[in-house]
Amino acid sequence: MTPPLIIANWKSYKTEKEAKLWLTIFKEHRELLLSKTVMLLAPYTCLSSLKKEIDALGLPIVLGAQDISPFSEGAYTGEINALQIREFASYVLIGHSERRRLLLESDELISKKVAMAKKEGLEVLLCVQDIETPIPEGVTMVAYEPVSAIGTGHPDTPENAASVITKIKQKGISYGIYGGSVTAENVRSFTEHVSDGVLVGSASLDPRNFLAIINHA
Ligand code: PGA
């Protein structure tokens, strides 16, 4: 059995200094990290120094970005493109519901981002809210995150999550991840039979909470 993917999504939290501090705790828990596949989706501003620290400490943590420009390099003020991300990270999260809702990202924009990421060799983790959300071509890893479960303390039931993830995987998706109010207490109910891993927001910010999730997954 492949170990579950445990993914931290820091969202717009943590300065570079705080990010480095978070990482130091993992030095003593290398064995635990090796028992799962651990990924960290960090803000752009932390990626460079996190990569240096992870490499220097030899930690088995995969780095990813939380978004990507739909454009290649060029005159696109404020955008961070695939090549810039690829210097530091191998994954990118695309289509999180917070971006769909607050920044009005459309399915069309999201599929442009996916195409750009794939073109430059980045692995994509696409967020969908339900079974109806379109999945662009080339995506193999999907996180099902019902909006009602994000940051609310009210996760989906494992039964419903299992049913949605099964349908998503029937579309040719290799990895079906669950996200929304995952904690150390409930993580097992999702990783045991329901999903190939979990996407963790709030509970990933405190390194001890995140370690407990890795431990219990
Ligand atoms: P949450 O966030 O764990 O705080 O619910 C999950 C996410 O938005 O990815």
Side-chain angles (χ1 to χ4, degrees), residues 5-23 26 37-57 59-129 133-143 145 147 150-151 175 177 179 197-202 204-205 207 210:
L5 260 160
I6 313 297
I7 308 168
N9 173 18
W10 281 355
K11 310 192 179 190
S12 191
Y13 290 102
K14 295 205 189 291
T15 60
E16 190 190 26
K17 204 170 154 190
E18 289 166 343
K20 280 188 185 168
L21 199 63
W22 185 94
L23 211 55
F26 291 85
T37 302
V38 177
M39 192 188 296
L40 170 56
L41 304 173
Y44 293 133
T45 50
C46 300
L47 286 178
S48 166
S49 57
L50 280 172
K51 171 150 178 30
K52 278 195 202 108
E53 291 286 299
I54 286 170
D55 289 351
L57 299 169
L59 291 175
I61 297 180
V62 181
L63 264 184
Q66 299 172 10
D67 186 37
I68 187 171
S69 171
F71 306 109
S72 50
E73 61 180 356
Y76 306 107
T77 303
E79 289 295 300
I80 308 286
N81 70 56
L83 288 174
Q84 293 166 324
I85 293 171
R86 225 185 51 191
E87 277 191 288
F88 309 112
S90 44
Y91 281 79
V92 62
L93 183 74
I94 297 178
H96 193 283
S97 62
E98 284 154 7
R99 299 194 63 85
R100 292 178 192 260
R101 182 168 49 89
L102 301 168
L103 297 152
L104 310 181
E105 288 200 359
S106 63
D107 291 329
E108 195 192 347
L109 178 68
I110 286 162
S111 69
K112 280 188 188 154
K113 292 184 174 193
V114 168
M116 199 48 81
K118 299 298 296 179
K119 183 168 162 243
E120 299 301 345
L122 283 168
E123 296 293 336
V124 171
L125 172 56
L126 180 84
C127 289
V128 304
Q129 294 147 261
T133 314
I135 300 175
E137 223 188 324
V139 171
T140 55
M141 194 183 277
V142 168
E145 294 204 307
V147 173
I150 296 179
Y175 294 92
I177 312 288
V198 284
L199 181 52
V200 188
S202 331
S204 72
L205 295 175
F210 192 56

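Quick caveat: nothing in here was measured; it's all calculated off a predicted structure.
- Taking CG of Asn81 as the reference point, atom CZ of Phe71 lies at 11.5 Å (rounded to 0.5 Å).
- Residues forming a salt bridge (charged side-chain N to carboxylate O under 4.0 Å, His left out) with Arg99 (at least two apart in sequence, or on another chain): Asp67, Glu105.
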Determine whether Phe210 and Val38 satisfy the following criterion, side-chain contact (heavy atoms from CB on, under 4.5 Å), listing intermediate values before the conclusion. CA-CA 10 Å; Phe210 192 56; Val38 177; 3.8 Å; yes
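- Taking every heavy atom of both residues into account, Ser72 and Met116 meet most closely at N-CE, 3.5 Å.
- To the nearest 0.5 Å, the span separating CG on Asn9 from CE on Met39 amounts to 11.5 Å.
- Of all non-hydrogen atoms in Glu98 and His96, the two that sit nearest each other are N-ND1, 2.9 Å.
- Not counting sequence neighbours, the partners of Lys51 by the salt bridge (charged side-chain N to carboxylate O under 4.0 Å, His left out) test are Asp55.
- When atom types are taken as modelled, the side chain of Trp22 and the backbone of Ser204 share a donor-acceptor pair closer than 3.5 angstrom.
- When side chains are defined from C-beta on, Tyr91 counts as touching Met141, because their heavy atoms get closer than 4.5 Å.
- Paired with Gln66 under the rule side-chain contact (heavy atoms from CB on, under 4.5 Å), one option of Leu41, Ile94, Ile85 passes, and it is Leu41.
- Glu73 CD: 12 or fewer foreign heavy atoms inside a 6.0 Å radius.
- If you take NZ on Lys52 and NZ on Lys20, they are separated by 7.5 Å, rounding to the nearest 0.5 Å.
- When the side chain to side chain donor-acceptor pair (under 3.5 Å) test is applied to Glu16, the partners found at least two apart in sequence or on another chain are Ser49.
- Counting only distance, with no hydrogens or angles, the side chain of Arg100 and the backbone of Cys127 share a donor-acceptor pair below 3.5 Å.
- In this structure Arg86 satisfies the salt bridge (charged side-chain N to carboxylate O under 4.0 Å, His left out) test together with Glu120, sequence neighbours excluded.
- Proximity of Leu93 to Leu199: side-chain heavy atoms (C-beta onward) are separated by under 4.5 Å at one or more points.
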side-chain contact (heavy atoms from CB on, under 4.5 Å) between Ile110 and Leu126: does it pass, once the steps are laid out? CA-CA 9 Å; Ile110 286 162; Leu126 180 84; 3.6 Å; yes
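- Residues passing the salt bridge (charged side-chain N to carboxylate O under 4.0 Å, His left out) test with Glu123, sequence neighbours excluded: none.
- Among residues two or more places apart in sequence or in another chain, the side chain to side chain donor-acceptor pair (under 3.5 Å) test is passed with Lys112 by none.
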